[in-house]
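All remarks here apply to the structure that follows.
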There are 2 protein chains.
Amino acid sequence: MELAKTPEIKEPVYRWDEKAIKQIVRDMGLKVTQQRLTILECILRGRDHITAQELYEAVQAKDPNLGFATVYRFLKQLTEQEYVSEVRMGGLPARYEWARKKSHHDHLTCKQCGSICEFENQQIEDLQEAIAKSFGYILTSHVLELYGICPECQKEDGILPGTKNFS
Amino acid sequence: MELAKTPEIKEPVYRWDEKAIKQIVRDMGLKVTQQRLTILECILRGRDHITAQELYEAVQAKDPNLGFATVYRFLKQLTEQEYVSEVRMGGLPARYEWARKKSHHDHLTCKQCGSICEFENQQIEDLQEAIAKSFGYILTSHVLELYGICPECQKEDGILPGTKNFS
DNA sequence: TTATAATTGAGAACCATTATTATTTAGTTG
DNA sequence: CAACTAAATAATAATGGTTCTCAATTATAA
Ligand SMILES: [Mn+2]
Ligand SMILES: [Mn+2]
Ligand SMILES: [Zn+2]
Ligand SMILES: [Zn+2]
């Protein structure tokens, strides 16, 4: 199931205790509110590559009063300050991941079931730089998303299209 | 201004006369309607990397009755049958280009003014294949978009952020 | 020409995201 | 601790791109 040959350098979960989480919010120059702590907990301890909607649902479980806009607002701030990074695939809703526990990577997504592999490839990164330079551009960012059919879905001939486990 | 070191193999414009355009629609297995001819004319003779909205406006100039949904509908069919390809950048509106006059390419976009360079790089394509294979995936498609600052905008220190010429 | 299935235009619906605003609250200052 | 103020929140409306619905129209095959 978990075929992610990830290059992720995962910091252990206990790194993210109450105190550490509060410190993140302070470091961001924002007020420490229970809402922000709850949202951060869900991001740090929940699934990776989460959508705003999914995050909202996770957060709801802990605090049913926590509003919808608050999740989006805070997600935006986290993205701006590069605590999380936003992964956009086609016209689909954006997905978010904690950016500071992994090095830069791109994604390979199964079109059938949605499972995601992370990879990094310095050769491609270098080629991108070279291309930009050849046009006289200063490269500031890039999006590289690969789509395909994962080994699981190749086997089963893909009759489980609703599974969608964006791991 | 036009710095696009494009690899495009442009077929001359006169290739797209009335007859040829009608034939495209027939080849698609669709009925030949004046609306579809008008839309195709605008795609084939108009600017490249056009948005649905821009296309709609171009089409409006020729036929003010031609509806909005018709443009989207036909664009989708064209995309499905790979007559045009859809380029999505982040959360921005999709842009479309006639896919059958150029070979596959990716895009380098200026964040400031929006000008687009097209490039193809077989090395990157090969690496993508290799990555997918290494995870056991069958690669079906990919998105590679580079973003940066174009030479023009580097000069002028970028005080013309509204220019947006998605060439 | 007729029959019929495809196409159209208008507008409603949709969905992710952002903006607005009145109310509440965190953090500071005394 | 109490008072103050700027920041944050929840609810809700608005937005913008895109898709859907459906009654009316039209292209094509027989
Ligand atoms: Mn990732
Ligand atoms: Mn192009
Ligand atoms: Zn799969
Ligand atoms: Zn530029």
Side-chain angles (χ1 to χ4, degrees), chain A residues 18-19 21-40 42 49-60 62-81 84-96 164 166, chain B residues 18 21-40 42 49-81 84-96 164 166:
Chain A
E18 185 85 9
K19 194 175 293 182
I21 291 180
K22 277 186 181 163
Q23 193 53 48
I24 293 171
V25 183
R26 272 191 221 99
D27 290 347
M28 292 176 73
L30 301 173
K31 291 187 176 175
V32 175
T33 64
Q34 189 49 57
Q35 288 92 331
R36 284 173 175 158
L37 299 181
T38 303
I39 293 170
L40 269 181
C42 289
H49 305 122
I50 199 169
T51 64
Q53 183 60 42
E54 286 163 356
L55 180 55
Y56 172 64
E57 281 158 20
V59 147
Q60 279 288 94
K62 297 196 173 195
D63 176 359
N65 285 352
L66 205 163
F68 183 54
T70 305
V71 171
Y72 270 103
R73 238 183 335 236
F74 191 37
L75 263 182
K76 211 208 250 181
Q77 293 168 312
L78 284 163
T79 303
E80 280 162 6
Q81 304 205 21
V84 309
S85 60
E86 206 181 39
V87 187
R88 300 196 113 117
M89 329 215 190
L92 279 60
R95 292 181 175 274
Y96 299 87
K164 296 290 168 201
F166 294 89
Chain B
E18 185 84 9
I21 292 180
K22 276 188 183 164
Q23 193 54 48
I24 292 171
V25 183
R26 270 190 224 102
D27 291 346
M28 292 177 72
L30 300 173
K31 291 185 176 178
V32 175
T33 65
Q34 190 50 56
Q35 288 91 330
R36 284 172 175 158
L37 298 181
T38 303
I39 294 169
L40 268 180
C42 290
H49 305 124
I50 198 170
T51 63
Q53 183 59 43
E54 286 163 356
L55 180 56
Y56 172 65
E57 281 158 18
V59 148
Q60 278 287 94
K62 298 194 172 193
D63 177 358
N65 285 353
L66 205 163
F68 186 54
T70 306
V71 172
Y72 270 103
R73 237 180 337 231
F74 191 37
L75 264 182
K76 209 207 257 184
Q77 291 168 313
L78 285 163
T79 303
E80 281 162 5
Q81 303 205 21
V84 309
S85 60
E86 205 181 38
V87 187
R88 299 197 113 116
M89 329 217 190
L92 279 61
R95 293 182 174 274
Y96 299 86
K164 297 288 166 199
F166 295 88

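Reminder, nothing fancy here: chain letters follow the sequence lines and each chain counts from 1.
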Residue met sooner reading DNA chain D from 5', once A:Gln77 and B:Pro93 are mapped to nucleotides: A:Gln77
Can you check the [X] [atom1] to [N] [atom2] distance for me, whole Å?
| X | N | atom1 | atom2 | value |
| --- | --- | --- | --- | --- |
| A:Arg26 | C:dA26 | CZ | P | 13 Å |
| B:Gln35 | C:dA6 | CD | P | 17 Å |
| A:Glu57 | C:dC15 | CD | P | 14 Å |
| B:Lys31 | C:dA5 | NZ | P | 10 Å |
| A:Arg36 | C:dG27 | CZ | P | 9 Å |
| B:Arg88 | C:dA16 | CZ | P | 13 Å |
| A:Asn65 | C:dT25 | CG | P | 11 Å |
| A:Gln60 | D:dA10 | CD | C1' | 11 Å |

Indicate yes or no: at least one non-hydrogen side-chain atom of B:Gln23 is less than 4.5 angstrom from one of B:Arg26. yes
Do the side chains of B:Arg88 and A:Arg88 get nearer than 4.5 Å, heavy atoms only? no
Atom pair OH (A:Tyr72) and CG (A:Leu55), whose distance is rounded to the nearest 0.5 Å: 10.0 Å
Donor-acceptor contact below 3.5 Å, side chain B:Arg36 vs main chain B:Lys31: yes
Does [N] have OP1 or OP2 sitting under 4.0 Å from an N or O in the side chain of [X]?
| X | N | result |
| --- | --- | --- |
| B:Tyr72 | D:dT18 | yes |
| B:Lys22 | D:dA27 | no |
| A:Thr33 | D:dA7 | no |
| A:Thr51 | C:dA16 | no |

For side-chain contact (heavy atoms from CB on, under 4.5 Å), just list the numbers for A:Tyr96 and A:Leu78, CA-CA rounded to whole Å, side-chain angles, deciding distance to a tenth of an Å, and then say yes or no. CA-CA 10 Å; A:Tyr96 299 87; A:Leu78 284 163; over 6 Å; no
If you find the nucleotide of DNA chain C closest to B:Leu30 and the one closest to B:Phe68, which residue's nucleotide is nearer the 5' end? B:Leu30
Base of C:dG9, side chain of B:Arg73 - is there a donor-acceptor contact under 3.5 Å? yes
